[in-house]
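Let me begin by presenting the structure, written as C-alpha cells, before commenting on it.
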Amino acid sequence: SISKNAINNASNDANGAYKTAYEFRFNYGWGGQTDGFYKLSGIPTFVNNVNIWINVRPYDAIEREIDGIKYGLLSNETADILDFRGGMNVENGVLVIPDSVTDSVSGKSYAVTHIKKESFFNKGHFTKIIVGNNIEEVDRYSFLFTTIDTLVLSDKMEVVPEEAFQLTNIRHLTIGANIKRIGKKAFYLCKLYTIICKSTQVELDPEAFSQITPQHGDWEKGIVKIGKKAFYGSTLSASTYFENLEVIGDSATFGGRWGGGSPFFRIGPKVREIAVTAFDGMYKNGIVPYLIVDTLNPYFAGDLDNPIIYNKNKTAVLIALYNPSAGWPETIIKMEPGCIRGSIGHTIPQTIVDMEGAFKDCDGPKYSYAELTCPLLVPPVITDATFSDAIFADESKHVYLQVPPGTEELYAEAPGWRKFGENIVTMYQEFEPLPPQDLNYQMVVHSDSLHTSVPVSEVQNIRMSENASGE
C-alpha cells in the first residue's frame, strides 16, 4: 500500500519511498533487503502478489447513539444503523425503525437508509419489527439469531439481500411495494406462516424461501421468477398458484413439498421460460407429480394425465418426467435435448424426426433392469451423446432396447443406439404403423459442424462415408 500523501507530495511512508517523480519503492514482501523502485503504472505487473484497491475511503461517519441505537451519520445527510443497544423505540416487543434521526449536537436531521451487517445480531426476541420508510438497504447477517415474530419491510427497499433475515424464525412477513428481488437464503429457516406481498414483480434467488410453511396471505401473485431450490424443504398448500409467474428456473421446485397428496405445479398463462431441470427433485415418496398448464399460456401445453410439457402446438417434447400412459400425441416430431428426466423407461414416439440429446441427463435404472422401446423401422439419426453414460454405468443392471423384428442389426450399428450392445431385443408389443398423414416430413442431418433438416420429398439420393474414426 502507499498513502495518498506519498503520491501527492512524494513523502516517505511505511510502504513506499520516493525516488524520482511518480516512482516509489515497493518491497512486495521480500523483507526490504533491496530497494525496488517502480512507477505506479508498473504495479499490476506483479499480478501474483499484489491486490490493488482504488477509490477506497475510510468509514468517516460521525457515530452517535440515539434512543438506544448506534448510528453512523454521513455527510450526505443519511444515517446507517450500526448497532442496536436496547432502543427506546421498543414497546411491548415492537421495534419501529425510524425514518430519520436528529443529531443532538449539530441539530441536523438524517434519513435512516441502511442497516449495517450484524447490527441486530443475537439481540433477543421482538414481537414485531417495522422497518422505516427510508430504509433502502439491509446488509447480510444483519439480524442473524434474533427472533422476530412479524417483519414489515420498507416500501423503498428494492432488494432483500442474501441471508439478511436467515435464522430469525419470522412467522409473519410483509414484503414492501418496490421489492424486486429476494436474495439467496434471505429467509432461510424462517417459518413464514403468513406472507403479504405488496410488490408485483418479485424474483426469488436460490433458497430464498427455504424451509417455510406459508398458509395465509395473497403472496403468490407477486412472484414473477422462481430460482434454484427457492422453496427447498418448504411445505406449500394445494392452493398455491403463482398466476403472474414468468420464469421457472433450474431446479426451482427441488426439495419442496407441493400440495397435500400427489405433488403438483400449476403453470400459469404468463410463464414464458421453463428450465429443463425446473421440476427435478419434485417427487414425493416416489409419487410422480402433476404439471398443469393453463390453456391460455401462449408458449406451452400440458397433459392432464401425465407430467409432461410440450410446446404450444405439441410438436416437441420439452420436459417429460414420466412415460405418457396413453401414448404420445401424433403431432410430436421432436424431443428436445435433456427433455427426458429421471429414468430411461420410455417409448419413443412413432412420429419422431429429431431426438438428439433427449436422454443425455438420464440416470441409471433404479431397479435391476429398464426398458426403452423404439417402434421405428429405421433408427432415428442421433449421436452417442444422446444417451448418458450413467444409464449404462452399473453393469449389474440391464438396460434393454426393444426394437421391431428384423431391425436389431440396424440399431446395433447405428450411432447412439449401439450403446445398448447385446441388450437390443425384439419388442414383444406390436405397434401398428401410423396411417399416412398430411405432414411435411423432414430428414434430420447431424455432423460435427452441421445440424440441419431437409424435406424428405426433396431428397434425391443418399451417400454414406466414414470419418477418420470409422463412423
May I ask you to test the [X]-[Y] pair for a side-chain heavy-atom distance under 4.5 Å?
X: T78; Y: H114; answer: no
X: R341; Y: V276; answer: yes
X: I97; Y: I129; answer: yes
X: P214; Y: L192; answer: no
X: W219; Y: L173; answer: no
X: F120; Y: V138; answer: no
X: V101; Y: I69; answer: no
X: I352; Y: I332; answer: yes

Contact summary for [X] and [Y], nearest pair of heavy atoms:
X: P269; Y: P298; result: O-CD, 3.4 Å
X: T347; Y: P375; result: CG2-CD, 4.5 Å
X: P161; Y: A186; result: O-CB, 3.6 Å
X: Y322; Y: P307; result: CB-CG, 3.7 Å
X: V160; Y: A164; result: CG1-CB, 4.4 Å
X: I179; Y: V202; result: O-CG2, 3.5 Å

With no hydrogens and no angle check, is any side-chain donor or acceptor of [X] less than 3.5 Å from a backbone partner on [Y]?
X: S388; Y: C362; answer: yes
X: S396; Y: S368; answer: no
X: K397; Y: G364; answer: no
X: D354; Y: E356; answer: yes
X: T373; Y: M427; answer: no
X: N297; Y: V271; answer: yes
X: K229; Y: S251; answer: no
X: N311; Y: F300; answer: no
X: S119; Y: D83; answer: no
X: T235; Y: R257; answer: no

[X]/[Y] ion pair, N-O < 4.0 Å:
X: R272; Y: E246; answer: yes
X: D80; Y: K117; answer: no
X: K228; Y: D250; answer: yes
X: R266; Y: D294; answer: no

Set out, in order, the CA-CA distance, both residues' side-chain angles and the distance that settles side-chain contact (heavy atoms from CB on, under 4.5 Å) for V112 and N134, then state yes or no. CA-CA 6 Å; V112 181; N134 288 323; 5.5 Å; no

CA sep, side-chain torsions, deciding dist, call: F143, F126, ring pair (Phe, Tyr, Trp, His ring centres under 6.0 Å): CA-CA 11 Å; F143 291 85; F126 295 90; 8.0 Å; no

If only side-chain N and O atoms count, and only distance matters, is there a donor-acceptor pair under 3.5 Å linking [Y] with [X]?
X: Q215; Y: S237; value: no
X: E408; Y: T426; value: yes
X: H125; Y: T147; value: no
X: N244; Y: K270; value: yes
X: E163; Y: Y141; value: yes

Out of curiosity, [X] [atom1] to [Y] [atom2], how far, rounded to the nearest 0.5 Å?
X: K221; Y: T200; atom1: NZ; atom2: OG1; result: 12.0 Å
X: I196; Y: H216; atom1: CD1; atom2: NE2; result: 11.0 Å
X: R171; Y: T127; atom1: CZ; atom2: OG1; result: 13.5 Å
X: C197; Y: I182; atom1: SG; atom2: CD1; result: 7.0 Å
X: L291; Y: L321; atom1: CG; atom2: CG; result: 5.0 Å
X: L318; Y: I274; atom1: CG; atom2: CD1; result: 7.5 Å

Between I115 and I135, is the side-chain contact (heavy atoms from CB on, under 4.5 Å) condition met? List the steps. CA-CA 8 Å; I115 300 176; I135 292 292; 3.8 Å; yes

For [X], does the [atom1] atom sit with more than 12 other heavy atoms under 6.0 Å from it, leaving out its own atoms?
X: F121; atom1: CZ; answer: yes
X: K184; atom1: NZ; answer: no
X: Y299; atom1: OH; answer: no
X: K180; atom1: NZ; answer: yes

Check each of Y400, Y411, F359, F387 against F420 using the ring-ring contact (aromatic ring centres under 6.0 Å, His included) test, and report the only one that passes. F387

Among Y290, Y241, F265, whose ring-ring contact (aromatic ring centres under 6.0 Å, His included) with W258 holds?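 In the set Y290, Y241, F265, the residue that makes a ring-ring contact (aromatic ring centres under 6.0 Å, His included) with W258 is F265.
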
Member of [options] meeting the side-chain contact (heavy atoms from CB on, under 4.5 Å) criterion with [X]:
X: L151; options: I175, T174, V131; answer: V131
X: Y310; options: T331, V317, I319; answer: V317
X: W328; options: I348, T351, I308, N306; answer: I308

Any residue meeting salt bridge (charged side-chain N to carboxylate O under 4.0 Å, His left out) with D389, in chain and number order, not counting sequence neighbours: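 Here the qualifying residues are K419.
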
How would you list, by chain and number, every residue that makes a salt bridge (charged side-chain N to carboxylate O under 4.0 Å, His left out) with K70, sequence neighbours excluded? E63

What is the ring orientation for F254 with Y232, classed by angle as parallel under 30°, tilted 30 to 60°, or perpendicular over 60°? parallel

Residue pair R181, E203: steps toward the salt bridge (charged side-chain N to carboxylate O under 4.0 Å, His left out) verdict: CA-CA 5 Å; R181 183 169 63 85; E203 298 184 1; 6.0 Å; no

